[in-house]
Amino acid sequence: MADPESNPTTVEETDPDVEEVDEIEEEEDDAPPNQTALGLTSQLMQNPQVLAALQSRMDGIVGTPSGYIQSLPKSVKRRIKALKKLQFDSSKIEGDFYKEVHELECKYATKYIPLFEKRSKVVTGGIEPTDEECDWPSDEEKEDEKVAQLSDEVKNKAKIGDAEKADSEEKEKKEDNEEKPNDKPKSDEGADVKGIPSFWLTVFKNVDMLSEMIQDHDEPIINHLQDVKVKFLNGEEMGFTLEFQFESNKFFNNTVLTKTYTMRSEPDEADPFSFEGPEIIKCKGCEIDWCKGQNVTVKTVKKKQKHKGRGTTRTITKTVQNDSFFNFFSPPQVPEDESEMDEDLEALLAADFEIGHFIRERIVPRAVLYFTGEALENDDDRTWLMKFDEEEEEGEEEGEYDEDADPDFNPQTAGGKPEECKQQ
């Protein structure tokens, strides 16, 4: 009878209880311990469920106190409290700094007023800029100059000796110079156009966060928008007001729609160490005096209801909110108790604050560049850099446990040398 150990095929045939995995385990038992561990680790790391479980455990570790601070002597803890108080005093100084920055911003805002008022008059057709004021070369004009220069060079090199051709050209010139009674000279082309049509509508539609808000029924109304202004609050409350100035129209009786944002420029007493500069904490819109039948922020829907007992059907009319840009002037209210704020409300307020800040910081000062689209290239670059930074931060979170993220990490008890020592 053959030796089972010398003939594994015979064992597999004669003993059906022996599985392939047992045979592999026996072979791995003969391998060095380190190779066995590496093989098992490799198999585990290829299992998505194992990876998810590990990531969950790692997320729970980040920021978890190691007990280092709690283990320190009372005298050391006392000194840490002194450092925190110094940090709080530093935050108050930082708040004072931002208050002065706001005052400086208010001071220079007055210098922009004449420029923005003139911009508004040009947009609405109130004034016609002079030739000197229009002396700003555009890319199209540069291209036209190059084409004209090239055309002159070709004409200079061409030899015109054919008399019939000269007569023909002269005849064509005479025909071109003969103006019909109803024709207007080319220099008067567009003379009946007033200002810059659809200026602010084009600006808003060129900005993604605003174009998403604008519906088809909003566009005829926004075409009556003549100017958008920023007025800074300079007093007990720090903030700014956006003023949307409209010409007389059939949609509402308001001439100005406002949105006021209140900002906080000092540390919050409840959480002083979270202060990173001024932030918007609340906003207030205005009531729009809609003309009858012109309110685009609501819509009427009809629903059929069937009575369970009698089986009769009735139609009811219900008024519900409608998607519109003008919902921007009816923002959700910030609850006094922040614990009452749910995730949906927090997301709505965050989006509203971002839009208000963007209008103040980018759109109003650089309106013409958003009209032409030139400002969009810089914004795209900035957005790409922000996304790149966010991806880097997410990558760091997905990595191994970061010792620097643990405020209680004790470098003396941790294994290995600090980075400074390793580099030396």
Side-chain angles (χ1 to χ4, degrees), residues 62-112 230-242 259-284 331-343 345-362 364-365 382 386 389-390 393 396-397 402-411:
V62 175
T64 302
S66 62
Y68 171 62
I69 298 297
Q70 288 78 1
S71 65
L72 292 173
K74 289 184 178 180
S75 58
V76 177
K77 291 181 180 179
R78 182 172 174 273
R79 295 171 195 136
I80 293 174
K81 287 184 177 181
L83 294 182
K84 285 190 174 182
K85 189 174 181 181
L86 290 173
Q87 182 64 45
F88 178 69
D89 293 339
S90 174
S91 298
K92 289 195 295 184
I93 294 174
E94 188 177 4
D96 293 337
F97 164 76
Y98 284 116
K99 284 182 180 179
E100 290 198 20
V101 169
H102 181 69
E103 292 174 1
L104 190 64
E105 192 173 23
C106 294
K107 174 184 175 182
Y108 275 86
T110 58
K111 297 185 177 183
Y112 290 108
V230 178
K231 291 190 175 180
F232 293 94
L233 306 179
N234 192 8
E236 294 182 1
E237 284 191 338
M238 176 178 172
F240 60 94
T241 297
L242 300 177
K259 184 76 171 285
T260 300
Y261 290 89
T262 303
M263 305 178 69
R264 179 169 56 205
S265 62
E266 55 188 12
D268 184 7
E269 294 181 1
D271 188 14
F273 299 125
S274 64
F275 181 68
E276 294 181 353
E279 60 176 340
I280 298 174
I281 55 174
K282 62 181 180 180
C283 60
K284 181 181 179 182
Q333 296 298 316
V334 179
E336 294 182 2
D337 187 359
E338 293 186 0
S339 61
E340 298 178 0
M341 188 183 302
D342 56 20
E343 293 183 359
L345 178 58
E346 188 175 356
L348 284 173
L349 288 171
D352 186 275
F353 294 168
E354 182 181 0
I355 292 170
H357 180 75
F358 193 84
I359 293 175
R360 164 212 167 182
E361 191 74 14
R362 303 288 300 172
V364 172
R382 187 178 294 102
M386 290 175 63
D389 292 340
E390 290 174 0
E393 291 176 2
E396 291 173 1
E397 290 177 0
D402 184 8
E403 298 169 346
D404 295 334
D406 185 358
D408 291 341
F409 174 71
N410 186 355

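Residues take their numbers from the sequence shown, with the count starting at 1.
- Residues forming a ring pair (Phe, Tyr, Trp, His ring centres under 6.0 Å) with F353 (at least two apart in sequence, or on another chain): none.
- With sequence neighbours excluded, the residues that form a side chain to side chain donor-acceptor pair (under 3.5 Å) with T260 are T241.
- Shown here is E361, whose CD atom has more than 12 heavy atoms of other residues, nucleotides or ligands within 6.0 Å.
- Within the 4.5 Å cutoff, the side chain of L242 has heavy atoms near those of the V230 side chain.
- Y261 contributes atom OH, which lies 7.0 Å from atom CD1 of I355 (distance to the nearest 0.5 angstrom).
- Within the structure, no pair that satisfies the salt bridge (charged side-chain N to carboxylate O under 4.0 Å, His left out) test touches residues 70-87, not counting sequence neighbours.
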Going by atom type alone, with no hydrogens or angles, which donor-acceptor pairs under 3.5 Å involve a side-chain atom of residues 99-109 and a protein atom two or more places apart or on another chain?
residue	atom	partner	partner atom	Å
K99	NZ	E266	OE1	3.4
H102	NE2	L233	O	2.7
E105	OE1	R360	NH2	2.8
E105	OE2	R360	NH2	2.7

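- Within the 4.5 Å cutoff, the side chain of F97 has no heavy atoms near those of the I93 side chain.
- A distance of 10.0 Å separates OG in S75 from CD1 in I80, rounded to the nearest 0.5 Å.
- In this structure K231 satisfies the salt bridge (charged side-chain N to carboxylate O under 4.0 Å, His left out) test together with E243, sequence neighbours excluded.
- Across M238 and Y98, no two heavy atoms sit closer than the pair CE-O, 4.1 Å.
- The salt bridge (charged side-chain N to carboxylate O under 4.0 Å, His left out) analysis of residues 346-359, with sequence neighbours excluded, yields the pairs K259-D352.
- For the pair P331 and L349, the minimum side-chain heavy-atom distance is 4.5 Å or more.
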